[in-house]
Amino acid sequence: MILLVDAGNTRVKWRVIAADAPARALAEGAVGHAEIDMLAAACRAWPGLARVFGCNVAGTSVAARIATACAPLRVDWLLPTAARAGVRNLYENPERLGADRWAALIGARHSHAGPCLVVTAGTATTVDLLSAAGDFLGGLILPGVELMQQALARGTAQLPLAEGRFAWQPRRTVDAIRSGCLQAQTGAVERMFRQIAAHPGALCLLGGGAADSFADLLEIPLRRIDNLVLTGLGTVATLPAPPTH
């Protein structure tokens, strides 16, 4: 069995899979950065674990704490490459692509056979284009919904950090802020989707903790699908190791 770990900016998500059935989660969960030590309990609960495989965008300190929690199991981290698991990375410098985006693209490739827009809405929102042939064509990174609202509150004297609601024609400042942030998310997603909209089977795969805040506003073919990063990690973890040169 394998423990998969997705160390994000605010949470660490995990999943246990069997090496011969990577698509089926035996157990899964999530912890905040302050609760990383709880991964040790997951390791103890599954004594058949042989390895830990993950991706990390939260920095070296978080990686070290995960390694300590999972000891004596070794933690291997996914590194972006030019190609893996049916996906070709067309980034100008493939190794500079975020490991979470790379894993999500691989997860998307194994979840949908056609062209897709892979959107993960969390602390940041990533919007990545994947062709029907498995080519990662490029993508966007923008502040997530809450981060946009916080930036407005920090950077202006008059705009509050308050809970508003979406409206097509907002008539309260708090609603104008909330609606503007949600419209920015949907606008970026829909503009990127235009590039593949005419292709047969084109679909937006939308996941992440903030996805529900604007999913209903999107006017494109859509499937809500969470944990694409863990799906991609499971795919890579159970493939033969690539040849070395």
Side-chain angles (χ1 to χ4, degrees), residues 1-33 35-36 38-43 45-46 48-59 62-63 65-67 69-70 73-81 84-87 89 97-113 116-128 130 134 136 139 144 203-212 215 223-239 241:
M1 289 184 290
I2 304 168
L3 175 64
L4 307 173
V5 176
D6 170 18
N9 291 302
T10 56
R11 295 191 304 161
V12 176
K13 290 179 278 188
W14 59 271
R15 175 182 292 172
V16 176
I17 62 168
D20 60 351
R24 184 167 68 91
L26 301 175
E28 59 186 5
V31 296
H33 284 185
E35 305 163 325
I36 286 175
M38 294 175 63
L39 288 174
C43 292
W46 296 90
L49 286 173
R51 63 184 292 217
V52 182
F53 185 63
C55 68
N56 172 37
V57 298
V62 168
R65 291 173 59 204
I66 291 171
C70 295
L73 292 172
R74 189 184 74 181
V75 181
D76 296 315
W77 298 106
L78 176 70
L79 299 176
T81 54
R84 193 78 172 105
V87 180
N89 185 351
L97 178 66
D100 56 341
R101 292 171 69 193
W102 183 230
L105 286 160
I106 293 171
R109 179 65 175 163
H110 290 263
S111 300
H112 178 63
C116 59
L117 188 67
V118 184
V119 181
T120 302
T123 305
T125 299
T126 58
V127 187
D128 291 326
L130 186 64
F136 165 51
L203 186 66
C204 174
L205 302 180
L206 174 64
D212 286 338
R223 185 202 304 174
R224 282 285 284 110
I225 182 168
D226 283 314
N227 296 323
L228 276 177
V229 171
L230 292 173
T231 299
L233 288 172
T235 299
V236 175
T238 54
L239 288 175

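Along the sequence shown, residues carry numbers from 1.
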Going by side-chain hydrogen bond (donor to acceptor under 3.5 Å, both in side chains), name the residues that satisfy it together with [X], two or more places apart in sequence or in a different chain.
X      : value
Thr120 : none
Asp128 : Arg101
Glu28  : Arg15
Asp76  : Arg74

Shortest non-hydrogen contact between [X] and [Y], atoms and distance:
X      : Y      : answer
Asp226 : Gly207 : OD1-CA, 3.4 Å
Leu97  : Pro80  : O-CG, 2.9 Å
Arg84  : Thr81  : CB-OG1, 4.0 Å

The criterion is side-chain contact (heavy atoms from CB on, under 4.5 Å); which residues satisfy it with [X], sequence neighbours excluded?
X     : answer
Ala40 : Arg44
Leu26 : Met1, Val16, Ala18, Arg24, Trp46
Thr10 : Thr123
Asp6  : Lys13, Cys55, Val229, Leu230

Apply side chain to side chain contact (heavy atoms under 4.5 Å, CB included) to residues Asn56 and Ile66 and explain how you reach the verdict.
CA-CA 10 Å; Asn56 172 37; Ile66 291 171; 5.6 Å; no
Donor-acceptor contact below 3.5 Å, side chain His110 vs main chain Leu105:
no
Testing Ile106, Val118, Asp100 one by one against Leu228 for a side-chain contact (heavy atoms from CB on, under 4.5 Å), which residue passes?
Val118
